[in-house]
Trainee: 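Quick one: the structure is below, and I'll ask about it shortly.
Throughout, a chain's letter reflects where its sequence line sits, starting with A, and its residues are numbered from 1.
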Number of protein chains: 2
Amino acid sequence: MVKNTNKTGSKTLPLNQIIDGDCIDVMNSLPENSVDLIFADPPYNLQLKGELHRPDNSKVDAVDDHWDQFDSFKVYDEFSRAWLQAARRILKPNGAIWVIGSYHNIFRVGTALQDAGFWVLNDVIWRKTNPMPNFRGVRLTNAHETMIWAGKSEKSKPTFNYEALKALNDGVQMRSDWILPICNGNERLKDENGDKAHPTQKPESLLHRVIIGSTNEGDVILDPFFGTGTTGAVAKKLGRKFIGIEREEAYRKVAKKRISAIKECDAESLKVSTSKRAEPRVPFGQVVERGMLKPGDQLYSLNGRHSAKIRADGTLIAHDQRGSIHQVGAALEGAPSCNGWTYWCFKKRGEAIPIDMLRKKIRAEMTA
Amino acid sequence: MVKNTNKTGSKTLPLNQIIDGDCIDVMNSLPENSVDLIFADPPYNLQLKGELHRPDNSKVDAVDDHWDQFDSFKVYDEFSRAWLQAARRILKPNGAIWVIGSYHNIFRVGTALQDAGFWVLNDVIWRKTNPMPNFRGVRLTNAHETMIWAGKSEKSKPTFNYEALKALNDGVQMRSDWILPICNGNERLKDENGDKAHPTQKPESLLHRVIIGSTNEGDVILDPFFGTGTTGAVAKKLGRKFIGIEREEAYRKVAKKRISAIKECDAESLKVSTSKRAEPRVPFGQVVERGMLKPGDQLYSLNGRHSAKIRADGTLIAHDQRGSIHQVGAALEGAPSCNGWTYWCFKKRGEAIPIDMLRKKIRAEMTA
DNA sequence: ACGACTATTGAATCGGGCG
DNA sequence: GCGCCCGATTCAATAGTCG
């Protein structure tokens, strides 16, 4: 619990501190209508069963921590409603909240949040450039997480730095999907043994965008599930104040050390380097899905010597050869490799047109 | 309501038809455990209150001027629970459902779906290449929609054509974010006045991926909010059967015309890449029985570190390890498991050849 | 120093068939 | 239903090693 009552009896905020305790108790001890933004990364309730191994037989380090264990959806929903209610009380009337989650919990959290009176402004997708694959090949690669951005109420007018986000996005309006890598390399905090200090550390780039977009300098940002303190680190760097709440001694310790080493940026260095985008890869399957060519259509080689038929999954078939546009091209030519995009043509009004024209069209739309 | 009772009184499915009626009533009139896949694009606009029905089919009264947020969510939730329950009843035990929505409704739908007993397999983000901008610059561009893919229950084993989706994505595992343009151009259906026939027509590319990935040829796909029939159009094109339910005469009319003009792909083009899991199992003993390898022959591990001797019953022996090709491989490597077929090689004229070559030979003979 | 190659790792609801 | 056992399955980004 926080000692946050001053001499006159009015409550004050414990700024730039990491508070030990249950986040609901701590938030209830803070004054109402006092915080500008809440960023929350609650437990996801993953419900993992057995062990999982990679194809090379190495074991996957699962998130099986005690704090992620809930008996049922009902218990998880009660937990969500409780912390969301406490969070909403301390938010200023024009304050906002961000919550991050995966399909395991985000629908529960989103429903609880709407029921509590929050007003959803956007849902934002964090598209991971380097997610963990689905090793058994039984599902889609789980390549994103979902964030919900919501105001305290329908009437509230939360901070939104439209121009700053637009600038971050090379001058075009920021979209609801954010393409960012997961947290690894030097940014990933290690404990004394060299193991990762926290199983689910979020990248600073994600918080950078949240904080730039929805707070002003000097604002107070509270994180009820502080962990190793990414929210606090980025808040300090960007000249905002933070309040962190964390139950685990080990996480608090790492976070404190981390944040004390951070230097606040001068205004100039707040500008972020925008990542260069390589030309987006276009799978040939998209040409089929989008109906630019249809299953059953014929393709012809540039040299006119071969032809092949398109199948519904974007592979080709020619005599006994099946596979991608590249594989079939290489096989027919007896070559070690082949760029199918420039090798194959389709016919339109008797004219042979390279399929690369279709890829150009798709790329133009992707970057538009 | 559907006339789907034949002379013997047993119910039959009204295949490749568009049925007029409320989707809950119609689904309740269909036989249980009869449909392979459901694709649902339910209304998400809460202003549709006037058109919503409670589970008891009573119509919800028109909007009150002082409409209360919680009440409207409650009505929407009842509607969601009702149609999801009806949908779940008619799904086969190994059937699956796809639901698409935006932040206005997807958290409600996702929660209702989990509460109804569906088991979420993935959430999938449709990332629009060409979304409508946020004209007033007060929010992020709403550039995506969310789809939930779920099995009928935790135990069910829905169809998942992993290899076909991988092929569609140029040979890398399909991710949970799908980059596709919105429906416009020639694909966008117009009415007699040249206006768009439906406000939220989904692109065929989206359904192509859903249907290729989670159904097989001949499967039955039901769409309870059929609209202008994108689900039916792609189902027909890909050799699947559909059942559409739609209350609006104008949409049914457009959909019927649209689908009748569609041509089904030829059989060969519908074939997609399949997984090895579908291939017949070959015991290693057959290799010995057929004399392809003899008792006493040596096998060598792929990495060259181990060797083993073949015994007459098709087991291996290496030092004190005895057992199947898989068991001995795993034991020698200290691994939790091992695919002996790809781990062991035999020598022919000094060259190491994987024993999987012998299995391929046997399989070829089996299918010949 | 640099390139080539190998090893490690990340919020994961990660099998199916037969006895 | 349970236990056993076959045998299928990964992408991108670091970090480390060797020459």
Side-chain angles (χ1 to χ4, degrees), chain A residues 41-65 67-70 73 76 100-106 126 128-146 181-188 190 194-196 198-203 225 227 281, chain B residues 94 114 118-123 149-151 154-155 157 160 162-163 166 169-176 274-285 314-315 323-330 335-344 355-356 359:
Chain A
D41 182 9
Y44 286 11
N45 189 22
L46 285 188
Q47 310 167 60
L48 303 177
K49 304 255 161 38
E51 288 187 352
L52 178 65
H53 293 88
R54 298 188 179 81
D56 65 4
N57 278 323
S58 63
K59 191 179 160 193
V60 175
D61 186 17
V63 178
D64 52 5
D65 303 76
W67 47 255
D68 197 41
Q69 308 301 322
F70 296 85
F73 280 139
Y76 187 80
I100 184 167
S102 67
Y103 68 83
H104 310 84
N105 72 325
I106 198 65
W126 170 26
K128 304 178 185 183
T129 58
N130 48 351
M132 182 157 59
N134 186 289
F135 296 115
R136 303 292 297 265
V138 292
R139 305 269 178 94
L140 303 168
T141 309
N142 208 343
H144 73 275
E145 295 189 26
T146 300
I182 62 175
C183 179
N184 59 9
N186 285 335
E187 191 187 329
R188 189 85 194 211
K190 304 284 193 287
D195 299 323
K196 59 189 173 193
H198 192 283
T200 69
Q201 186 183 341
K202 295 293 175 291
F225 308 97
R281 197 178 62 83
Chain B
N94 287 330
Q114 289 179 311
F118 286 102
W119 188 249
V120 177
L121 303 167
N122 276 113
D123 61 337
W149 175 37
E154 186 179 352
K155 303 286 181 194
K157 304 174 196 302
F160 180 53
Y162 174 77
E163 291 293 341
K166 191 173 171 178
N169 197 31
D170 260 5
V172 282
Q173 195 171 79
M174 184 68 81
R175 300 167 41 117
S176 58
T274 55
S275 160
K276 283 186 196 166
R277 289 192 181 97
E279 295 192 58
R281 199 179 75 85
V282 177
F284 179 68
T315 56
S324 70
I325 51 172
H326 316 291
Q327 289 167 332
V328 173
S337 70
C338 171
N339 183 344
W341 289 107
T342 54
Y343 179 75
W344 294 107
I355 59 174
D356 205 30
R359 182 171 66 165

Trainee: Under 4.0 Å, counting only non-hydrogen atoms across every strand here, what does A:Thr141 touch: a base, just sugar-phosphate, or nothing?
Mentor: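 No contact.
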Trainee: Heavy-atom distance under 4.5 Å between the side chains of B:Arg175 and A:Pro131, does that happen here?
Mentor: yes
Trainee: Once rounded to the nearest 0.5 Å, what's the spacing between atom CG of A:Asn184 and atom CG of A:Asn130?
Mentor: 5.5 Å
Trainee: Determine the Euclidean distance between corresponding P atoms of D:dA8 and C:dT13; express it in Å to zero decimal places.
Mentor: 23 Å
Trainee: On a whole-Å scale, what distance lies between the C1' atoms belonging to D:dG19 and C:dA1?
Mentor: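 12 Å, rounded to whole Å.
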Trainee: For a 4.5 angstrom cut-off between non-hydrogen side-chain atoms, does A:Pro199 reach A:Trp67?
Mentor: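 Answer yes - side chains close enough.
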Trainee: So what's the dot-bracket for DNA chain C: Watson-Crick or G-U pairs under 3.5 Å, [ ] if a pair crosses, | if it pairs off-strand?
Mentor: .|||||||||....|||||
Trainee: Is there a side-chain contact between B:Val328 and B:Trp344 in this structure, where contact means two heavy atoms from C-beta onward sitting under 4.5 Å apart?
Mentor: yes
Trainee: Checking side-chain polar atoms at under 3.5 Å, does A:Ser102 have a donor or acceptor matched by the opposite partner on A:His104?
Mentor: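 Yes, side-chain donor-acceptor contact under 3.5 Å.
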Trainee: Both B:Glu163 and B:Arg175 contact DNA chain D. Which one's nearest nucleotide lies toward the 5' end?
Mentor: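 By nearest-heavy-atom nucleotide position, the 5'-most residue is B:Glu163.
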Trainee: Can you tell which of B:Phe160, B:Trp119, B:Phe118 makes a ring pair (Phe, Tyr, Trp, His ring centres under 6.0 Å) with B:Trp149?
Mentor: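 The option that passes is B:Phe160.
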Trainee: For A:Lys196, does its backbone N or O pair with a side-chain atom of A:Gln201 as donor and acceptor, under 3.5 Å?
Mentor: no
Trainee: Which whole number of Å gives the distance between the C1' atom of C:dA12 and that of D:dT9?
Mentor: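 It comes out at 14 Å once rounded to the nearest Å.
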Trainee: Give a yes or no on whether a salt bridge exists between B:Glu279 and B:Arg359, defined as a side-chain N under 4.0 angstrom from a carboxylate O.
Mentor: no
Trainee: So, is C:dT6 syn or anti if syn means the angle is within 90° of 0?
Mentor: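 You should classify C:dT6 as anti.
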Trainee: Any side-chain heavy atom of A:Asp61 within less than 4.5 Å of one from A:Lys59?
Mentor: no
Trainee: Give B:Ser337 one of three labels, base, sugar-phosphate or nothing, depending on what nucleic acid heavy atoms sit under 4.0 Å from its own.
Mentor: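 Base, at least one base heavy atom under 4.0 Å.
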Trainee: Of all nucleotides in DNA chain D with an atom under 4.0 Å from a non-hydrogen atom of chain B, which is the first and which the last going 5' to 3'?
Mentor: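 First and last nucleotides in contact are D:dC5 to D:dC11.
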Trainee: Under 4.0 Å between any heavy atoms, over every strand shown, what does B:Glu154 touch: base, sugar-phosphate, or nothing? Just pick one.
Mentor: nothing
Trainee: Out of A:Glu145, A:Arg139, A:His144, which residue meets the side-chain hydrogen bond (donor to acceptor under 3.5 Å, both in side chains) rule with B:Ser176?
Mentor: A:His144
Trainee: Using the C1' atom in both, what is the distance from C:dA11 to D:dA15, to the nearest Å?
Mentor: 23 Å
Trainee: Determine the sole option in A:Thr141, A:Ile182, A:Val60 for which the side-chain contact (heavy atoms from CB on, under 4.5 Å) test with A:Met132 is passed.
Mentor: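 Of all the options given, the one that passes is A:Val60.
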Trainee: Reading nucleotides 9-19 of chain C 5' to 3', which nucleotides get B (base under 4.0 Å from a protein heavy atom), which S (sugar-phosphate only), which -?
Mentor: BBBBBBBS---
Trainee: Using a 4.0 Å heavy-atom cut-off across all strands, classify B:Arg359 as base, sugar-phosphate, or nothing.
Mentor: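 It contacts sugar-phosphate atoms only.
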Trainee: Considering heavy-atom distances to DNA chain D, does B:Lys276 or B:Ser324 have its closest nucleotide positioned more toward the 5' end?
Mentor: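 Looking at DNA chain D, the more 5' nearest nucleotide goes with B:Ser324.
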